[in-house]
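Single-structure report; data block below.
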Amino acid sequence: MKKNVSPDKGNKEEERSLNFIEQIIIEDIRTGKNGGRIHTRFPPEPNGYLHIGHAKSICLNYGLAIKYNGLYNLRFDDTNPLTEEVEYVDSIMEDVRWLGYDWEDRLYYASDYFEQLYEWAEKLVMKGKAFVCDLSAEEMSTHRGTPTRPGTESPYRNRSVEENLDLFRRMRAGEFANGEKVLRAKIDMSSPNMHMRDPVLYRIIHASHHRTGDKWCIYPTYDYAHGQSDSIEGITHSICTLEFEVHRPLYDWLIRELEIFPSRQIEFARLNLSYTIMSKRKLLQLVKEGHVNGWDDPRMPTICGLRRRGYTPGSIRYFADRIGVAKRDNVIDVALLEHSVREDLNKKATRVMAVLSPLKIVITNYPEGQSEEIDAVINPEMPELGKRSVPFSRELLIERDDFMEDPPKKFFRLAPGREVRLKYAYIIKCEKAVKNDLGEITELHCTYDPLTRSGLPDANRKVKSTIHWVSQPHSQEVEVRLFDRLFRKENPDDAEEGQDFKSNLNPESLKVTKGYITSGIDGAGALDKFQFERLGYFCVDPDSVPGRMVFNRTVTLRDAWARIGQKNAAR
RNA sequence: UGUCCUGUGGUGUAAUUGGCAACACGUCUGACUCUGGAUCAGAAGAGUCCAGGUUCGACCCCUGGCAGGACAACCA
């Protein structure tokens, strides 16, 4: 039945159970609703950067349209000139495109519809379904009541149609100051649903808009703009997150009163990820207060952060596919996100050997001054990619963790008197650990067995493990940034009394260190991806300059030895 | 002391006219391996929030509880 889908085949048709939204779509197609047409949209407000939660929504909306032969739009919900900026519009488009979605010519802005929206508002006024209200924001709040107590009607609620029309037109003409008047729907102040208690449709904001400039000084609210924009675009399934569930009666009311195309709103549960936060406000706070280095800091759950971290579009689409869609609150284990990149990168990333925490070894029986080139595979998952060449010499660097003077039982790597294989090269034996005055190990003296070079007929002697290495004289130094989870608590908002999520920041989420590499990275450009063998996946950071490469660790490899260590430490 | 939504292994998602719970991640074994990776084989882990009811039979339908979430911006 259901088998593994690899990240780059995420869109492939497969036998899978349908989520509740697909069930609705299939039923709509079956009954011929909207002529069987499927049209979705992703409607971001351009007031911040997109994050992995938005990716879920994008993949859902667009994925559904693709799967059911429909269309999808990108629409900016730009009804509040106070918070929205072109900078965000640009970054959002870049991120959506990077994720792999092409909206073709269907790029829209709610602000494109301001004139139509205004006409419809006059229609509501003329139908006696909307009125101009002079109550201040505070007064209106008192009149609104509470979720458990009904509200009271505005004293302006029964103005005549003529007066309302006149006032509304004068609002548009700019005769009133900010906040002086609003246009409200006339519904039911005693409704148990707060959103039906004569909600605001238009407010006065004398501010210039990133697209319409100073043409307008009244702007529609979300509730008035969103559903009508859906309707104008012929959106059949308007998919949004759960918090809009209570808005749905209003969404439907407006469409019904305006007698326009009835889009259907469907709500799903937003994504929550363990060890991170998704709130735009909190993310902004991390950036503003300098807890991270900008929106694209590789520790951020933003799309641009993940991109810089080394995540691929395919891995994110695969992730979105794996987490599913439902209406119950959820917290996805970051391990699934990490699994998603590993799954993708394992098949794509070029292998390279790099040493991050070096321990020098000298091969005492290897001729001084000599060196040789050794064949290594570019990617064992794709042998057709061929070989790369790695320099070998008398003086090498290995990972400090790959040697233990007094090894515990399950340690398979190098130790005094023990043999290991240097990957792609020879089997070596540790003869002696050289120490300084402090008793610290400064280097290892080893011997190699010339007959064990990879590929040689007698090379296949069994050893307990294979380690990576680098030829010291050939090595170049690079900067390596090791990232860990940004928060140390699964739920960062679970903070002590009087503290907030920031108290759970992980002080060790970024470690900058050096790495040594000999070959394989020449000509690598920003965001190129590699596997540093046995260590993890790394990508070239855009901060790299010629002669000073910077690598970001995307994710470590799964590490059975590390898990043994953690288990022992837990004891 | 309101309305609406939700409640299935550690996590997430399934179970399509009601037929004794499946898949993925994670965890644990073992095989294989020149990455303690990958791959392959296997295991443990829920009796479906609780209590009644309908039914030959309920995760699914009904009733009543309980728990969690959303809603009181002229934000979206």
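Every value quoted in this text rests on a predicted model; they were computed, and no experiment measured them. In the text below, chain A, chain B and the rest are named by the order of the sequence lines, each starting its count at 1. Values reported hereafter were calculated over all heavy atoms of this structure, with side chains retained and with hydrogens, waters and symmetry mates removed.
- Comparing U13(B), G36(B), A76(B) by their closest approach to the side chain of A560(A) singles out G36(B).
- In this structure, G57(B) makes no Watson-Crick or G-U wobble pair, since no nucleotide meets both defining distances under 3.5 angstrom.
- With hydrogens and angles left out, the side chain of E381(A) and the base of G37(B) share a donor-acceptor pair within 3.5 Å.
- Using a 4.0 Å cut-off between charged side-chain N and carboxylate O, K282(A) and D493(A) make a salt bridge.
- Between the side chain of R322(A) and the base of U13(B), no donor-acceptor pair under 3.5 Å is found.
- On a pure distance criterion of 3.5 Å, a polar donor-acceptor pair joins the side chain of R413(A) and the base of G36(B).
- Anti is the glycosidic conformation of G7(B), whose angle departs from 0 by more than 90°.
- With a 3.5 Å ceiling on both atom-pair distances, U33(B) lacks any Watson-Crick or G-U wobble partner.
- Nucleotides G12(B) and U3(B) place their C1' atoms 29 Å apart, quoted to the nearest Å.
- Because its glycosidic torsion is more than 90° from 0, A21(B) is reported here as anti.
- Of the N and O atoms on the side chains of E233(A) and Y113(A), at least one donor lies less than 3.5 Å from an acceptor on the other residue.
- Comparing A76(B), C5(B), A15(B) by their nearest atom to the side chain of E245(A) picks out C5(B).
- Of the candidate nucleotides A14(B), C74(B), A76(B), A76(B) has the atom lying nearest to any side-chain atom of E45(A).
- Spacing between atom CZ of R421(A) and atom C1' of G36(B) amounts to 17 Å, rounded to whole angstrom units.
- Listed nucleotides G37(B), A72(B), U6(B) differ in distance to P380(A); the shortest reach to its side chain belongs to G37(B).
- Following rounding to the nearest Å, E343(A) (CD) and A38(B) (P) show an atom-to-atom distance of 10 Å.
- Between the side chain of H143(A) and the base of A72(B) there is no donor-acceptor pair of N/O atoms closer than 3.5 Å.
- With distances taken from any side-chain atom of F411(A) to the nucleotides C71(B), A76(B), G36(B), the minimum falls on G36(B).
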Pair R388(A)-E533(A), salt bridge (Lys or Arg N to Asp or Glu O under 4.0 Å): steps then yes or no: CA-CA 14 Å; R388(A) 60 194 154 110; E533(A) 296 204 57; 2.5 Å; yes
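- Applying the Watson-Crick and G-U wobble criteria (two distances, each under 3.5 Å), U63(B) pairs with A51(B).
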Intermediate values then yes/no, side-chain contact (heavy atoms from CB on, under 4.5 Å), Y219(A) and I204(A): CA-CA 6 Å; Y219(A) 291 92; I204(A) 299 170; over 6 Å; no
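- Following rounding to the nearest Å, R203(A) (CZ) and C74(B) (P) show an atom-to-atom distance of 9 Å.
- At a threshold of 4.0 angstrom between heavy atoms, the contacts of L135(A) include nucleobase atoms, whether or not backbone atoms are also involved.
- At whole-Å resolution of the value, CD in Q228(A) and P in A76(B) are 13 Å apart.
- Remark: D494(A) engages K489(A) in a salt bridge, criterion side-chain N to carboxylate O under 4.0 Å.
- The residue K327(A) sits close only to the backbone: its heavy atoms come under 4.0 Å of sugar-phosphate atoms, none of a base.
- The base of U35(B) does not come close enough to the side chain of R558(A) for any donor and acceptor atom to sit less than 3.5 Å apart.
- Among the nucleotides C74(B), C25(B), U3(B), the one closest to any side-chain atom of V182(A) is C74(B).
- Atom CZ of R328(A) is separated from atom P of A14(B) by 6 Å (rounded to the nearest Å).
- The CG-C1' distance, from D333(A) to U13(B), rounds to 14 Å in whole Å.
- Under a cutoff of 6.0 Å and an axis angle of 45°, R322(A) and Y318(A) form a cation-pi pair.
- Both distances falling under 3.5 Å, in either a Watson-Crick or a G-U wobble arrangement, place C71(B) opposite G2(B).
- Counting any heavy atom pair closer than 4.0 Å across all strands shown, H226(A) reaches no nucleic acid atom.
- Distances were taken from every side-chain heavy atom of R351(A) (C-beta onward) to each of C74(B), U35(B), G36(B); the shortest belongs to U35(B).
- Side-chain N/O atoms of H210(A) and E85(A) include no donor and acceptor closer than 3.5 Å.
- Per the stacking criterion (ring centres < 5.5 Å, plane angle < 30°), Y222(A) does not stack onto the base of A76(B).
- Among the atoms of the strands shown, base atoms are found under 4.0 Å from some heavy atom of L557(A).
- Taking the side chain of N346(A) as heavy atoms from C-beta on, and the options A38(B), A14(B), C71(B), the nearest nucleotide is A38(B).
- Using the Watson-Crick or G-U wobble rule with both distances under 3.5 Å, C20(B) pairs with nothing in any strand shown.
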